[in-house]
Amino acid sequence: MPYRRTDNVVRRMAARHAAILKAAREAAVDGGMDAVQIVPVAERAGIATGTMYRYFPSKTDLVGALLQSMRDQELTAMRRAAMTAPGPLSALAAAIVTFALRSFRNRKLVWALLADPVEPEIAAIRFEFRKALAVEFRVRIAAAMAHGHFPEQDAARAAAALVGALLEGLIGPLAAEGDNERDAVQTVALLALRALGVNDPRARGLVVQQAMPARDQA
């Protein structure tokens, strides 16, 4: 008879998996992607190295899981915010502000995951993360454009530019240090909507009406 894991075993494995990813996140925040290594992450998680290898046989597997976890969290947050908006333009603004706010609050982690120098195999995984963000924005841009909220344009190219502008403007090396959170997020969101062709009064209204949830709610 094949071995069947009990519910307790499944829960313990899930808890250990979550602990490893949490430790990997902390390592990335503290030391960038160079710090996300099997042995030090295992130590942070309080797990034996041999056990760690049963979950993640290589650094690539570990970073891939971390990137997938972050991607899913960001897309879920953006979609949740957009779903509560009254129309496609408001949904786009909500997605932009949500991603901008979460990125600003996790600057070191997001920069490490999406911009730090990495091995080619990890760069390929990272590309899928960036691509997923761009696709999400492309869908929102296309929907708002279809309703006549701004001029016809290449939605895919605009979405790619939007991802770059948000990341560089908020967390890149050129971003201002010590920015006020609300001011920083609203500035880049307003820039994005203006660039897409939303007139200034409408863009300002859309940005100002977006909620800025507390850190434990974002």
Side-chain angles (χ1 to χ4, degrees), residues 64 67-68 70-107 109-118 120-176 179 183-212 218:
L67 282 165
Q68 181 176 341
M70 285 294 295
R71 180 198 66 193
D72 293 347
Q73 289 175 28
E74 297 313 307
L75 293 178
T76 296
M78 291 164 67
R79 289 166 183 167
R80 184 183 299 120
M83 284 176 60
T84 64
L89 184 57
S90 294
L92 172 61
I96 291 171
V97 168
T98 298
F99 178 70
L101 179 63
R102 291 171 63 86
S103 296
F104 188 84
R105 289 177 174 176
N106 296 283
R107 292 186 290 279
L109 176 61
V110 175
W111 188 256
L113 290 177
L114 294 182
D116 265 356
V118 291
E121 59 270 22
I122 294 176
I125 302 171
R126 166 190 285 169
F127 172 75
E128 294 302 319
F129 189 164
R130 282 178 169 267
K131 182 179 177 181
L133 293 172
V135 168
E136 184 66 22
F137 282 127
R138 176 181 61 76
V139 170
R140 303 292 173 194
I141 290 170
M145 189 165 57
H147 281 76
H149 292 299
F150 42 75
E152 289 286 331
Q153 56 198 282
D154 185 331
R157 194 175 299 276
L162 177 55
V163 171
L166 292 175
L167 292 175
E168 194 63 51
L170 288 168
I171 64 175
L174 297 177
D179 277 350
D183 289 345
V185 169
Q186 290 186 342
T187 295
V188 296
L190 184 58
L191 171 70
L193 291 172
R194 285 169 171 164
L196 290 168
V198 182
N199 67 63
D200 190 67
R202 184 75 186 279
R204 288 179 180 275
L206 286 165
V207 169
V208 170
Q209 74 183 16
Q210 300 302 321
M212 296 278 185

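Side chains are part of it too, since the values below use all heavy atoms of this structure and drop only hydrogens, waters and symmetry mates. Note that the structure is predicted; figures quoted are calculated from it, not measured.
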Rounded to the nearest 0.5 Å, how far apart are CZ of Arg130 and CG of Leu167?
->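 Arg130 CZ to Leu167 CG: 5.5 Å, rounded to 0.5 Å.
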
To the nearest 0.5 Å, tell me how far Asp154 CG sits from Met145 CE.
->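 Those atoms lie 8.0 Å apart.
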
May I ask you to test the [X]-[Y] pair for a side-chain heavy-atom distance under 4.5 Å?
| X | Y | value |
| --- | --- | --- |
| Leu109 | Met70 | yes |
| Val185 | Met212 | yes |
| Leu174 | Glu168 | yes |
| Leu133 | Leu166 | no |
| Trp111 | Ser103 | no |
| Glu128 | Gln68 | no |
| Arg194 | Arg204 | yes |
| Arg138 | Val135 | yes |

Provide the full list of side-chain hydrogen bond (donor to acceptor under 3.5 Å, both in side chains) pairs with a residue in residues 75-95, sequence neighbours left out, each pair given once.
->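 Sorted result for residues 75-95: Arg79-Glu136.
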
Expected output: side-chain Gln153 to main-chain Ala158 donor-acceptor under 3.5 Å =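 Flag not set: sc Gln153 to bb Ala158 has no pair under 3.5 Å.
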
Main-chain N/O of Arg202 paired to Asn199 side chain as donor or acceptor, under 3.5 Å =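 Such a contact is found between Asn199 side chain and Arg202 backbone.
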
Leu92 and Phe150: side-chain contact (heavy atoms from CB on, under 4.5 Å), yes or no, with the steps?
-> CA-CA 12 Å; Leu92 172 61; Phe150 42 75; 4.0 Å; yes

To check you understand the geometry: which heavy-atom pair defines the closest contact between [X] and [Y], and what is its length?
| X | Y | value |
| --- | --- | --- |
| Met78 | Ala95 | CG-O, 3.9 Å |
| Val118 | Ala123 | CG2-N, 3.7 Å |
| Leu190 | Ala203 | CD1-CB, 3.6 Å |
| Ala94 | Ala81 | CB-O, 3.8 Å |
| Leu170 | Arg107 | O-CD, 3.7 Å |
| Val97 | Ala189 | CG2-CB, 3.8 Å |

Could you walk me through whether Val198 and His149 pass the side-chain contact (heavy atoms from CB on, under 4.5 Å) test, one step at a time?
-> CA-CA 7 Å; Val198 182; His149 292 299; 5.7 Å; no

Which is it for Leu114 and Arg126 under the side-chain contact (heavy atoms from CB on, under 4.5 Å) test, yes or no, and what are the steps along the way?
-> CA-CA 6 Å; Leu114 294 182; Arg126 166 190 285 169; 4.2 Å; yes

Test side chain to side chain contact (heavy atoms under 4.5 Å, CB included) applied to Ile96 and Val207, Leu206, Leu193, the passing residue =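 Single pass found, and it is Leu193.
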
